[in-house]
Student: 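One structure coming up, written as structure tokens, with questions to follow.
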Number of protein chains: 2
Amino acid sequence: MLKKINRGMIRYIRNNSLLREKLKKIVLPLMTSDMQTNIPEITPLNVRATEDAAPRFNILLPSVNQEHVFGGISTALSFFDQLAQYMPIKKRIITTDVMPDSQAIEQFKDYDPVDCDQNRASERQIVGFSDRLGKTIPVGENDYFLATAWWTAFHAQKIVRWQQEEYKKPAKKLVYFIQDFEPGFYPWSSRYALSESTYRFDLPQVAVFNSSMLHTFFKDNQYAFNTEFVFEPVLNEKLKKGLDTVSSPLNKKKQILVYGRPGVERNAFPLIIEALKVWVWQQPGVHDWELISAGEHHPDIDLGHGMVLKSVGKLPLEDYIDKLRESAIGISLMVSPHPSYPPMEMAMFGMGVITNRYANKQLSCWHENIQSIDLSVDTLVRALQDKCDRFAIDNQCFLGGRLLKQQYLESDVQFDFFKPLVQKVFKEDLDL
Amino acid sequence: MLKKINRGMIRYIRNNSLLREKLKKIVLPLMTSDMQTNIPEITPLNVRATEDAAPRFNILLPSVNQEHVFGGISTALSFFDQLAQYMPIKKRIITTDVMPDSQAIEQFKDYDPVDCDQNRASERQIVGFSDRLGKTIPVGENDYFLATAWWTAFHAQKIVRWQQEEYKKPAKKLVYFIQDFEPGFYPWSSRYALSESTYRFDLPQVAVFNSSMLHTFFKDNQYAFNTEFVFEPVLNEKLKKGLDTVSSPLNKKKQILVYGRPGVERNAFPLIIEALKVWVWQQPGVHDWELISAGEHHPDIDLGHGMVLKSVGKLPLEDYIDKLRESAIGISLMVSPHPSYPPMEMAMFGMGVITNRYANKQLSCWHENIQSIDLSVDTLVRALQDKCDRFAIDNQCFLGGRLLKQQYLESDVQFDFFKPLVQKVFKEDLDL
């Protein structure tokens with residue numbers, strides 16, 4: 001009965017904007033106080049000993065459900081699979097934040113879905129361990145770990161230390177797959193400090209960096225790991241085909257493609273909007289231009305002066321290719337030393353691209369079409385106006401820009417360091 | 001009528017925890033989407049020309065209301081007052097975020113409360129300019145600006161540029177009072193980028209840094225200003241008296257004083273709690289210890305093993321002195337290169353203090369009683385246990401620790417650079 005009243009009330013509130021505003025003020029402090037003394041990511045992840053001494057390679061991931069497997073998680077899984085193929089070893093996927101749903105179980109059907117309470121010998125296992133209060137997971141003396149997001153490293157470090165003491169053997173080297181400087185995802189805070197501390201573990205860690213620019217950032221900030229490997233981003237295979245197969249020349253129009261993800265802070269969407277709202281009043285012939293935002297869906301945004309930023313959401317790859325082919329100019333920001341993929345993709349398709357410098361990150365040395373600005377509203381407005389002016393004079397002006405980073409097209413040798421990595425990490429237990 | 005129903009409903013919701021949880025899920029996306037495309041701090045702050053060419057020194061502050069005037073704002077106002085006394089110049093206080101309330105008007109009764117629409121010649125003015133849509137504030141050719149929080153610098157920079165063009169005179173040097181690296185208050189994001197951009201203004205800025213450690217951090221990160229001045233933190237006068245006047249020896253007991261501010265992320269309160277929850281199970285004789293949290297009020301926190309962290313909120317200075325005098329050990333964290341005040345205060349009162357290193361910040365070289373750790377749950381637990389063990393053996397063990405930073409007691413020479421600063425910034429217009 002109470003449930004029914006509550007349901008009715010929620011419907012009423014959803015449709016009443018005044019009331020919603022009021023409620024924000026009640027609910028916000030409740031949410032804040034919730035967050036203040038608890039860091040759910042580091043809820044203890046407890047383990048138990050097992051007799052099973054077969055070598056096994058474990059990847060710790062927040063989730064393997066389809067809605068989460070893109071970008072970083074997808075790259076980590078691909079690395080895990082390719083590395084494991086390189087040697088005779090069992091495999092286990094452990095998810096720390098979200099239980100695998102039925103779709104994920106289907107997706108990973110080579111893997112035996114195992115409950116954490118079970119001691120199973122299967123070659124390939126997948127274990128959801130987000131709901132872990134009072135539970136443990138078996139860890140043998142020859143379990144190896146691959147950490148991804150910082151809190152998976154936090155847990156893996158505790159496990160490796162426990163394993164060393166439990167089995168009285170030298171600590172297994174922990175492989176840490178680093179795709180950004182994750183403390184930067186937070187204000188200076190407990191999470192900032194905890195994520196940062198995972199880069200300073202006192203037992204051996206082998207770091208694998210996504211991109212040389214990110215690796216340099218870590219070195220510049222005095223982080224050092226036992227061994228460090230680096231791979232470079234490569235052009236997505238389907239996009240590569242989109243470039244190769246269509247032999248018709250790129251037909252550019254006065255269209256600006258924005259990488260617009262309001263939900264990802266480091267993509268600096270509000271800053272882009274601030275700049276566009278200035279630009280619409282300064283650009284000669286502004287009404288000849290179209291503005292499209294791709295990445296995440298959001299309401300269309302009125303920029304003033306009769307101009308609108310139209311959201312097309314997350315595009316299927318074919319439609320993304322169409323936009324890349326027809327757009328003259330791209331804006332894709334990333335407040336981070338990680339290069340991020342869209343600026344390079346835009347540049348490859350003959351667009352004039354504006355992105356930002358961050359610390360040592362400087363994408364203009366990877367492709368001639370990329371301008372890397374010191375980010376502010378003013379610099380973004382100036383860069384955009386400059387690009388539009390150039391395109392208005394010569395609509396071929398970005399087509400001749402050259403790729404300077406040849407590795408970007410060499411996807412077959414992306415992970416070319418498996419042999420030394422395997423030697424370094426696994427050699428004691430495997431017959432290599 | 002609708003209003004009355006809504007009021008009743010809100011009361012009902014406040015008392016219904018299930019419903020509150022549900023509501024969070026409705027309201028959170030609404031709040032998030034509000035925040036995503038708008039940065040209220042940079043709402044344009046528009047100015048108008050005035051014939052009045054009398055030299056005037058303007059401080060831009062978020063607020064001067066009593067609940068906001070402590071720490072940073074209080075230091076900035078004190079600097080502004082002392083600097084203005086050094087020369088014949090008019091003064092104006094402009095608040096950007098909150099209108100001065102009646103209490104503030106009373107507090108600043110030397111200042112004429114002026115509406116932004118008025119052109120007044122009074123020597124000292126205070127103008128609230130938070131509610132500024134469609135309004136302007138008069139700026140003459142000899143208005144000088146002192147910026148404090150980053151968005152006040154953002155606005156001051158636009159004003160100085162406008163002023164230079166409007167009056168066809170060399171740009172006035174902008175004084176930027178820097179008390180932290182403010183981008184660190186945000187995740188990598190638009191606000192991070194905008195605040196960072198204020199340190200790279202292309203017209204002359206004179207930076208005044210609160211502490212040499214913060215100044216070094218800026219230099220290490222390649223920020224350079226036209227001229228740079230530095231002042232060091234000094235011991236609060238009342239605390240100094242608390243040290244001097246009570247001649248009885250400090251009588252230390254097994255009490256740990258935590259600088260506990262759950263509302264200020266960079267004080268890393270959740271990390272302290274995580275560490276204490278581990279420590280309570282590891283410390284021999286743990287039940288002899290009391291734990292007190294001072295700074296912000298919060299509910300007492302159950303640490304497990306029968307131990308509680310008791311909140312005493314923000315203490316009046318006299319009570320704070322009592323706690324400093326009787327407590328053996330202090331924990332005060334600050335994820336920032338700014339030294340922050342409590343660790344030094346605790347150390348002066350013979351406490352063994354644990355704080356954290358950040359980049360170049362290393363408070364152990366300012367006082368022998370301070371231990372500066374690389375922050376993690378483990379390092380904090382180890383440091384605390386070490387201090388407790390030492391105190392259990394010898395309760396005088398922290399009393400002999402020496403102050404290494406003598407300037408900390410020299411409050412009369414804190415701002416010893418007024419003469420060169422005035423020469424640098426104001427000399428063209430003032431008869432000095």
Side-chain angles (χ1 to χ4, degrees), chain A residues 2-3 6 9-10 12-14 16 18-20 22-24 26-28 30-33 35-39 42 184-194 196-198 200 262-263 265-266 268-274 298-299 301 333-336 356 358-359 374-379, chain B residues 2-3 6 9-10 12-14 16 18-20 22-24 26-28 30-33 35-39 42 184-194 196-198 200 221 262-263 265-266 268-274 298-299 301 333-336 356 358 374-379:
Chain A
L2 184 64
K3 254 191 171 170
N6 288 352
M9 197 171 289
I10 283 167
Y12 178 72
I13 292 161
R14 271 191 208 273
N16 179 328
L18 259 170
L19 196 51
R20 280 200 316 251
K22 275 271 181 211
L23 285 173
K24 280 189 207 178
I26 305 177
V27 174
L28 184 60
L30 295 171
M31 293 200 300
T32 313
S33 68
M35 286 184 256
Q36 278 159 359
T37 59
N38 191 10
I39 306 168
I42 63 169
F185 297 176
Y186 310 99
W188 283 336
S189 60
S190 295
R191 279 188 178 79
Y192 183 102
L194 288 173
E196 197 268 347
S197 76
T198 63
R200 296 183 279 98
E265 297 244 42
R266 59 194 181 284
F269 188 67
L271 196 155
I272 296 176
I273 299 305
E274 291 288 341
H298 58 78
I301 294 173
L333 307 181
M334 173 84 154
V335 186
S336 152
N356 61 293
Y358 183 89
D374 279 333
L375 193 52
S376 74
V377 174
D378 292 347
T379 53
Chain B
L2 185 64
K3 252 189 169 169
N6 287 352
M9 197 171 291
I10 283 168
Y12 177 72
I13 292 162
R14 270 190 209 278
N16 179 327
L18 259 170
L19 196 49
R20 280 201 316 253
K22 275 270 181 214
L23 286 171
K24 278 189 206 177
I26 304 178
V27 174
L28 185 60
L30 296 171
M31 295 201 298
T32 312
S33 68
M35 286 184 257
Q36 278 159 356
T37 61
N38 191 10
I39 306 168
I42 64 168
F185 297 176
Y186 309 99
W188 283 337
S189 60
S190 294
R191 278 188 179 80
Y192 183 102
L194 288 172
E196 197 268 347
S197 76
T198 64
R200 295 183 279 99
N221 287 278
E265 296 243 43
R266 58 194 182 284
F269 189 67
L271 195 155
I272 296 177
I273 300 304
E274 291 288 342
H298 57 79
I301 294 172
L333 306 182
M334 173 85 153
V335 185
S336 154
N356 61 294
Y358 182 90
D374 280 333
L375 193 53
S376 73
V377 174
D378 291 346
T379 53

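So you know, we letter chains A, B, ... as the sequences are listed, proteins then strands, and number each from 1. Not measured: the values here are computed from a predicted model.
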Student: Distance from S190(B) atom OG to E265(A) atom CD, nearest 0.5 Å?
Tutor: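 Atom-to-atom, S190(B):OG and E265(A):CD are 7.5 Å apart.
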
Student: Let's test your reading of the structure: which of I272(B), L333(B), L194(B) forms the most heavy-atom pairs below 4.5 Å with chain A?
Tutor: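 So the answer, after comparing I272(B), L333(B), L194(B), is L194(B).
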
Student: Measure distances from I301(A) to the heavy atoms of chain B and classify the residue's part below 4.5 Å as side chain, backbone, both or neither.
Tutor: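 I301(A) touches chain B through side-chain heavy atoms alone.
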
Student: Sequence neighbours excluded, which residues qualify as side chain to side chain donor-acceptor pair (under 3.5 Å) partners of Y358(A)?
Tutor: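 For Y358(A), the residues satisfying side chain to side chain donor-acceptor pair (under 3.5 Å) (neighbours in sequence not counted) are W188(B), Y192(B).
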
Student: Atom OG in S197(B), atom CG in L271(A): separation rounded to 0.5 Å?
Tutor: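 Result: 7.5 Å between the selected atoms.
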
Student: For N356(A), which atoms come within 4.5 Å of any heavy atom of chain B: side chain, backbone, both, or neither?
Tutor: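 Nothing of N356(A), per the 4.5 Å heavy-atom cut-off to chain B.
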
Student: Tell me, out of D374(B), T198(B), T379(B), D378(B), who's got the most heavy-atom pairs with chain A below 4.5 Å.
Tutor: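 Top option by heavy-atom pairs under 4.5 Å: D374(B).
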
Student: By a 4.5 Å heavy-atom criterion (distance strictly below it), what part of N221(B) contacts chain A: side chain, backbone, both, or neither?
Tutor: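 Neither the backbone nor the side chain of N221(B) comes within 4.5 Å of chain A.
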
Student: Taking L375(A)'s backbone N and O only, do any of them form a donor-acceptor pair with R200(B)'s side chain (distance below 3.5 Å, no angle check)?
Tutor: yes

Student: Could you work out, with side chain to side chain contact (heavy atoms under 4.5 Å, CB included) as the rule, every residue matching E274(A), not counting sequence neighbours?
Tutor: V377(A), N38(B), I39(B), I42(B)

